[in-house]
Amino acid sequence: MKLDIVTPDRILELGHAFRACKTLLSAVELGVFTVLADGALDRERLTERTGVNARGARDFLDALVALGMLTRHEDGRYANSADTDLYLDRNKPTYMGSLLERINDQDYRIWGSLTAALRTGKPQYGTDAVSNYGPRYAEETSREQFVRGMTVRTRPVAKALASNFPWTDYNTLIDIGTAQGCLPVQIAQAYPHMSGGGFDLPPLISTFESYVQKHGMSNRLRFYPGDFFNDPLPAADVLVLGRVLHNWDLATKKMLLKKAYDALPPAGALIVYERLIDDERRVNATGLLSSLQMLLSSTGGFDFTGADCAGWMRETGFRDIRLEPLTMEQSMVWRELVSARRW
């Protein structure tokens, strides 16, 4: 490669990427998109309603325009773009900002400690945030922010699962680590014959029941309280481990797969979905960065490839394992048990 056509542009763009990220996160925190959901505003009114000081207001708002998060009319008024109006208005049911709020409150700061995590191999949240759910769930504000963020992450996957899995062959579903219950609600809405619910720690019962009731599914879905370290998993035709395995070390991953195997009937099915790293570990930066998130937030968690997961499942007793994409980021590894057991 000729040196005169090699530029530092890609390096510099990546090195500066945190600035665009933080501009968006601050806009969500300040409620910019929620304020503009009522209609376009000039800079003076918009800054007054969001509490932005005049000194940085013009550059801040115009940066959001340049990033495609806002539009600016010919008369100078600012308005939401189509996607921010749909997904970042707190008053819409499609609001995804709760996930960005959590990233802003926790992850953005903690990623500044990545070098320390790489040198020590230890989480940087002060405690093991992944395995220490008890204190997080005990405090209502923290609990609600977390579970809303989980719903945001789960909703696209749940919709894809509703279309890509043969639910007509099954009758019951339990989502392990269900949070608010987004996934079982989505499946139950799409398939009137399906029932079941979600399994999670006891403090989440009220938020699960409220979410399920809001979506009219209380007669078919229930909450199963428990701790998968100490309790068996509830039985159902289909068990789902969605973005659960990556939180834990290898021994715990295998333990959870074994518990799922033991809880399933002979013709049952297990679905594991994650941000799977590509088998060559060359392309899927999202999965690899997610694994670094586990370095920052857990004592042993890590993300993995589809081949890794399939290998652990075979060790457990599953056979003829399938790998299928669900969304741009996430894929599922799944297999029925009918060919794995003898009876």
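Only heavy atoms go into these numbers, but all of them, side chains included; no hydrogens, no water, no symmetry mates.
Among residues two or more places apart in sequence or in another chain, the side-chain hydrogen bond (donor to acceptor under 3.5 Å, both in side chains) test is passed with N284 by none.
Across T84 and S81, no two heavy atoms sit closer than the pair OG1-OG, 2.9 Å. The two residues S331 and L323 make their nearest non-hydrogen contact at CB-CD1, 4.1 Å. Between L221 and G197, the shortest heavy-atom distance links the atoms CD2-N, 3.8 Å. Of all heavy-atom pairs spanning D89 and A37, the tightest one is OD2-CB, 3.2 Å. Residue F33 comes nearest to L70 through the heavy atom pair CE2-CD2, 3.8 Å, listed as atom of the first residue, atom of the second, then distance.
For the pair T286 (side chain) and E329 (backbone), a donor-acceptor distance under 3.5 Å is absent. A donor-acceptor distance shorter than 3.5 angstrom exists from the side chain of T120 to the backbone of K122, with no hydrogens or angles considered. Side chain of T47 to main chain of E44: a donor-acceptor pair is present (N/O by atom type, distance under 3.5 Å, no hydrogens or angles). Side-chain N or O atoms of D303 include none that pairs as donor or acceptor with a backbone N or O of H246 at under 3.5 Å. In this structure, the side chain of D249 does not engage the main chain of G300 through any donor-acceptor pair within 3.5 Å. Looking at W248, its side chain never comes within 3.5 Å of a backbone N or O of K254 through a donor-acceptor pair. For the pair T50 (side chain) and V32 (backbone), a donor-acceptor distance under 3.5 Å is absent. Formation of a donor-acceptor pair under 3.5 Å by the R220 side chain with backbone atoms of M194 is found in this model. For D279 (side chain) and A307 (main-chain N/O), a donor-acceptor pair under 3.5 Å exists by modelled atom type. Here the side chain of T305 pairs a donor or acceptor atom with the backbone of D308 at under 3.5 angstrom.
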For ring-ring contact (aromatic ring centres under 6.0 Å, His included), just list the numbers for F223 and F199, CA-CA rounded to whole Å, side-chain angles, deciding distance to a tenth of an Å, and then say yes or no. CA-CA 6 Å; F223 186 77; F199 176 88; 8.0 Å; no

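Contact check for N247 versus S298: no side-chain heavy atoms found under the 4.5 Å cut-off. Proximity of V333 to M313: side-chain heavy atoms (C-beta onward) are separated by under 4.5 Å at one or more points. In this structure, the side chains of W111 and L292 come closer than 4.5 Å at one or more pairs of heavy atoms. Using a 4.5 Å cut-off on side-chain heavy atoms (C-beta onward), L30 and V52 make contact. Between L41 and L36, some side-chain heavy-atom pair lies under the 4.5 Å cut-off. Counting only heavy atoms from C-beta outward, the side chains of L270 and L257 approach each other to under 4.5 Å. Between L161 and L326, the closest side-chain pair of non-hydrogen atoms falls below 4.5 Å. Looking at heavy atoms from C-beta onward, L276 lies out of side-chain contact with Q330 at the 4.5 angstrom threshold.
Residue E48 qualifies as open at atom CD: its count of foreign heavy atoms under 6.0 Å is 12 or below. Within a 6.0 Å radius of CZ in R90, more than 12 heavy atoms belonging to other residues, nucleotides or ligands are found. Atom NZ of K214 sits in a sparse spot, with 12 or fewer heavy atoms from other residues, nucleotides or ligands closer than 6.0 Å.
Classification of K258 and E315 as a salt-bridged pair fails, no side-chain N sitting under 4.0 Å from a carboxylate O. In this structure, R72 pairs ionically with D62, as a charged nitrogen and a carboxylate oxygen lie closer than 4.0 Å.
Remark: R222 is positioned above the aromatic ring of Y224, its terminal NZ or CZ atom under 6.0 angstrom from the ring centre and at most 45 degrees off the axis. Both the sub-6.0 Å distance and the 45° axial angle are not jointly satisfied by K92 relative to the ring of Y87. Taking the ring centre of F229 as origin, the terminal cationic atom of K259 falls outside the region bounded by 6.0 Å and 45° from the ring axis.
Note: R148 CZ to L99 CG = 11.5 Å, rounded to the nearest 0.5 Å. Taking CZ from F208 and OG from S218, the interatomic distance works out to 8.5 Å, rounded to the nearest 0.5 Å.
Ring geometry for H193 against Y191 counts as perpendicular: the plane angle is over 60°, on a 0 to 90° scale with 30° as the lower cut. A perpendicular orientation is assigned to the rings of W312 and F302, their planes being inclined by more than 60° (bins at 30° and 60°).
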Please list every donor-acceptor pair under 3.5 Å in which a side-chain atom of residues 173-189 meets a protein atom from a residue at least two apart or in another chain.
residue	atom	partner	partner atom	Å
D175	OD2	T178	OG1	3.0
Q180	OE1	T151	OG1	2.5

